[in-house]
Amino acid sequence: MAEINGPHDGGSEPDYRFTLANERTFLAWLRTALGLLAGGVAVHQLVPDPSALSTVLAGLCVVLAAVLAASAYPRWRQVQTAMRAGRPLPKSGMLLLLTAGILAITLTAAALVVFS
């Protein structure tokens, strides 16, 4: 059997529902990244009397958005390649990273509300 190197190479065509579900998941990661980016820009532009805490909050949002956007396509590709090859889906550390990032953003936002 030929080695599968890309999301459209070799193997067998997965059921289109799984391919479309994988694409929807990819787009959800991108929507989340866009939402975080918008939140970071909003905090930077709209918080009156910006402080170090608001700058940290905006920075956390933007950095997490960048990490999600940068990892969305590789994740889509890994899953698509695994489905074509009939292999188990790869594990992802992005769920833990996103959870920790959102927790950090939430705690920073709470601190901003309490201390401003």
Point to revise | L60 side chain near T108 side chain, heavy-atom distance below 4.5 Å | key: yes
Check your understanding: Looking only at heavy atoms, which two atoms of P74 and A70 are closest? And how far apart?
Key -> CD-O, 3.3 Å
Check your understanding: To the nearest 0.5 Å, how far apart are CD1 in I102 and CG in L98?
Key -> 5.0 Å
Exercise for review: Measure from the ring center of F26 to the ring center of W29 and say whether it is less than 6.0 Å.
Suggested key: no
Review point. For the residue pair P88 and A82, what are the closest heavy atoms and their distance?
Key: O-CB, 3.7 Å
Review point. Just by distance, do the side chain of R75 and the backbone of M94 share a donor-acceptor pair under 3.5 Å?
Key: no
Exercise for review: Taking S116 for its side chain and L112 for its backbone only, find out whether a donor-acceptor pair lies under 3.5 Å.
Suggested key: yes
Point to revise | Spacing of CG belonging to L27 relative to CG belonging to L34, to within rounding of 0.5 Å | key: 10.5 Å
Check your understanding: Is there side-chain contact between Q80 and P14, with heavy atoms separated by less than 4.5 Å?
Key -> yes
Exercise for review: Find the distance between CG (L57) and OG (S51) and round it off to the nearest 0.5 Å.
Suggested key: 9.0 Å
Review point. Could you state the interatomic distance from OG (S92) to CG (L97), rounded to the nearest 0.5 Å?
Key: 9.0 Å
**Study point:** Heavy-atom side-chain contact between T55 and V43 under 4.5 Å
**Key:** no
Practice item. Would you give the length of the straight line joining atom CH2 of W76 to atom CG of N22, rounded to the nearest 0.5 angstrom? Key: 7.0 Å
Point to revise | Main-chain N/O of Q78 paired to T81 side chain as donor or acceptor, under 3.5 Å | key: no
Exercise for review: Please list, chain by chain and in numerical order, all residues satisfying salt bridge (charged side-chain N to carboxylate O under 4.0 Å, His left out) with R17, sequence neighbours excluded.
Suggested key: D15
Review point. Do M83 and L89 touch side chain to side chain, with heavy atoms closer than 4.5 Å?
Key: yes
Review point. Do the side chains of I105 and C61 get nearer than 4.5 Å, heavy atoms only?
Key: yes
Review point. Can you name the closest pair of heavy atoms from A58 and G40 and give their distance?
Key: CB-O, 3.4 Å
Practice item. Report yes or no: do L107 and L53 belong to one cluster of Ile/Leu/Val/Met/Phe/Trp/Tyr joined by side chain heavy-atom distances under 4.5 Å? Key: no
Review point. Got a second to check how far L36's CG is from L64's CG, nearest 0.5 Å?
Key: 5.0 Å
